[in-house]
Amino acid sequence: MQKVNFCHVVRKKLTLLILGAAGIGLAACNGGGSSSSGGSGGDIPPAPSPTPAGSWIIVGADDYGIYTGGNIVFDPITNSVYQIRNGTLLCSINVDSSSETNWSCQPTYTGYNSYGNNLATDGAGHLFSTAQVSSLERYIITYSTSNHSLTNSTLLTGEYYMFSVSDYIGYSQGNLYQVSSSKTLIEVDLTTGIVNSTMNAFNPEFISVSHSITIDKDSNLYYGSGQAAYYVDINTIEPYSFAKQIGISFPVSGLPDGVVDLSVAENNLILCSAHNVYSIPLGSAVTTPWTVLPPTSSYQVGPNFPVVTTGCFNSTGGGQYIYATAMIVDSNGGSPSFRLMKYKY
């Protein structure tokens, strides 16, 4: 394991939390990650033990690349979670892997001058990512999880200049979506590569450090603004239309102790923060409270110190599970490790 200065990680997280207090998002870093040999989906796992409902289970070995990589997505075809690291490595692990199984990381994205660390999926074996040759040539790259190979590279046209290679992307009904600025929604037709934009699409204003978004199966796009989370229907969105708030607002200091990610899992909106993981049913009213899920770990550095809990960096849903990347610490406050975790409803 790469040695990590725990205090440095905490200071870095606190800095991000200050930046993200007004909204949702954590910019994906471009640091290095470890890699291992093997096919896509990680090593063949041993027979897993049943996962108890309501508890977090470690999936895979300690891997610092989990922290420095991009967002994660779940693929039901391979029963694996995928993550891009350093822009060029596609890493994966079977979600039934033991806590000692290494991630499989393969050099997948080559031939471009710059790459995005973010992934989107159609839930049917296709992963979408971004790359560019120059400011005039930007691409959506499609990867097939069943064939373990790149299957398409779509050149963006139309309002391609509005599309950012580095920002979060979301998939819905044959299109990719992105928020290019605080109030502009970007749509990419995956068949033609044509990019269109809708100005003034987010009211209240979209506020996020990394433009973290998530889209549910009904084409509702969720985002953060101020002390609350909101959603809009991307099929009917119009300029100056108002978004609907989901759940109660959080304290005036911002969303709960620094929100770093939103995802949808089992008809719930999942919210990652530095110290907690929150959940709320999709479609909940503005008066509905958020549920605080168990922390990914908790520890105490001494008998006279308070218990500290850990949340997650990124999350994604798959079936009855939430999958999340997290820095976890043992109960005595020892050295942190970077893990993929899963939680069963």
Side-chain angles (χ1 to χ4, degrees), residues 16 19-20 22-28 70-74 83-84 116-123 127-130 140 162-188 190 195-237 241-247 254-255 258-265 267-273 278-280 282-283 312-317 322-325:
L16 287 170
L19 290 173
I24 292 177
L26 173 64
N71 70 304
I72 58 173
V73 297
F74 172 76
Q83 182 185 47
I84 294 179
N117 253 18
N118 298 306
L119 277 173
T121 178
D122 61 1
L127 308 181
F128 306 102
S129 60
T130 59
I140 299 296
M162 298 288 289
F163 187 86
S164 171
V165 170
S166 60
D167 286 342
Y168 273 64
I169 51 177
Y171 174 89
S172 180
Q173 300 179 357
N175 299 315
L176 286 186
Y177 293 88
Q178 185 180 79
V179 178
S180 69
S181 66
S182 60
K183 292 186 178 182
T184 302
L185 178 68
I186 303 300
E187 178 185 83
V188 180
L190 288 171
V195 180
N196 292 298
S197 66
T198 302
M199 306 293 288
N200 297 302
F202 297 96
N203 293 285
E205 186 176 10
F206 185 105
I207 302 175
S208 169
V209 173
S210 67
H211 292 171
S212 173
I213 61 173
T214 190
I215 304 174
D216 68 17
K217 65 181 185 302
D218 295 321
S219 298
N220 292 309
L221 183 150
Y222 298 84
Y223 70 99
S225 181
Q227 287 72 247
Y230 296 85
Y231 64 99
V232 295
D233 184 342
I234 52 180
N235 288 328
T236 61
I237 194 168
S241 59
F242 286 90
K244 295 180 180 179
Q245 181 174 334
I246 180 170
L255 283 162
V259 177
V260 297
D261 183 78
L262 282 174
S263 67
V264 173
N267 296 317
N268 289 274
L269 183 64
I270 307 302
L271 187 156
C272 277
S273 73
Y278 298 84
S279 172
I280 194 168
L282 300 179
C312 48
F313 306 142
N314 274 219
S315 63
T316 189
I322 303 168
Y323 302 101
T325 55

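Reckoned from all heavy atoms, side chains included, excluding hydrogens, waters and symmetry mates.
- From Asp122, atom CG reaches atom CD of Gln173 across 12.5 Å, with rounding to the nearest 0.5 Å.
- Ring orientation note: the planes of Tyr323 and Phe74 are close to parallel, at an angle under 30° on the 30°/60° scale.
- Note that OG of Ser315 and CD1 of Ile322 are 7.0 Å apart. Values are rounded to the nearest 0.5 Å.
- Of all non-hydrogen atoms in Ser129 and Ile169, the two that sit nearest each other are CA-CD1, 4.2 Å.
- Two residues are said to be in side-chain contact when any heavy atoms from C-beta on lie closer than 4.5 Å; Pro204 and Tyr230 meet this criterion.
- Side-chain N or O atoms of Asp218 include none that pairs as donor or acceptor with a backbone N or O of Asn220 at under 3.5 Å.
- Closest of all the heavy-atom pairs between Leu282 and Leu269 is CD2-N, 3.7 Å.
- Of the inter-residue distances, the one linking Asp261 atom CG with Thr325 atom OG1 reads 7.5 Å to the nearest 0.5 angstrom.
- Using a distance-only test at 3.5 Å, with no hydrogens or angles considered, a donor-acceptor pair links the side chain of Thr130 to the main chain of Val165.
- Of all heavy-atom pairs spanning Gly283 and Ile246, the tightest one is N-CD1, 4.0 Å.
- Counting all heavy atoms, side chain and backbone alike, Gln83 lies closest to Gly70 at NE2-O, 2.9 Å.
- The CD1 atom of Ile215 sits 5.5 Å away from the OG atom of Ser172 when rounded to the nearest 0.5 Å.
- The structure places CG of Leu221 at 6.0 Å from CD1 of Ile234, a figure rounded to the nearest 0.5 Å.
- When all heavy atoms are compared, the tightest approach of Ser263 to Thr214 is CA-OG1, 3.5 Å.
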Apply side chain to side chain contact (heavy atoms under 4.5 Å, CB included) to residues Val179 and Asp167 and explain how you reach the verdict.
CA-CA 8 Å; Val179 178; Asp167 286 342; over 6 Å; no

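- For the pair Asn196 (side chain) and Glu187 (backbone), a donor-acceptor distance under 3.5 Å is absent.
- Between the Gln178 side chain and the Phe163 main chain, no donor and acceptor come within less than 3.5 Å of each other.
- Between the Asn314 side chain and the Asn71 main chain, a donor and an acceptor come within less than 3.5 Å of each other.
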Might you work through the side chain to side chain contact (heavy atoms under 4.5 Å, CB included) test for Tyr177 and Leu185, ending with a clear yes or no?
CA-CA 7 Å; Tyr177 293 88; Leu185 178 68; 4.1 Å; yes

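- For Ser241 against Ile237, the heavy-atom pair with the smallest separation is OG-CG1, 3.9 Å.
- Using a 4.5 Å heavy-atom cutoff, the side chains of Val73 and Phe128 are not in contact.
- When Tyr223, Phe242, Tyr222 are each tested for a ring pair (Phe, Tyr, Trp, His ring centres under 6.0 Å) with Tyr231, only one passes: Tyr222.
- Side chains of Thr184 and Ser197: no donor on one and acceptor on the other come within 3.5 Å.
- Asn117 contributes no side-chain N or O that, together with a main-chain N or O of Ser166, makes up a donor-acceptor pair within less than 3.5 Å.
- The shortest distance between side-chain heavy atoms of Phe313 and Ile72 does not fall below 4.5 Å.
- Contact annotation: the side chain of Lys244 never approaches that of Asp233 to less than 4.5 Å [non-hydrogen atoms, C-beta and beyond].
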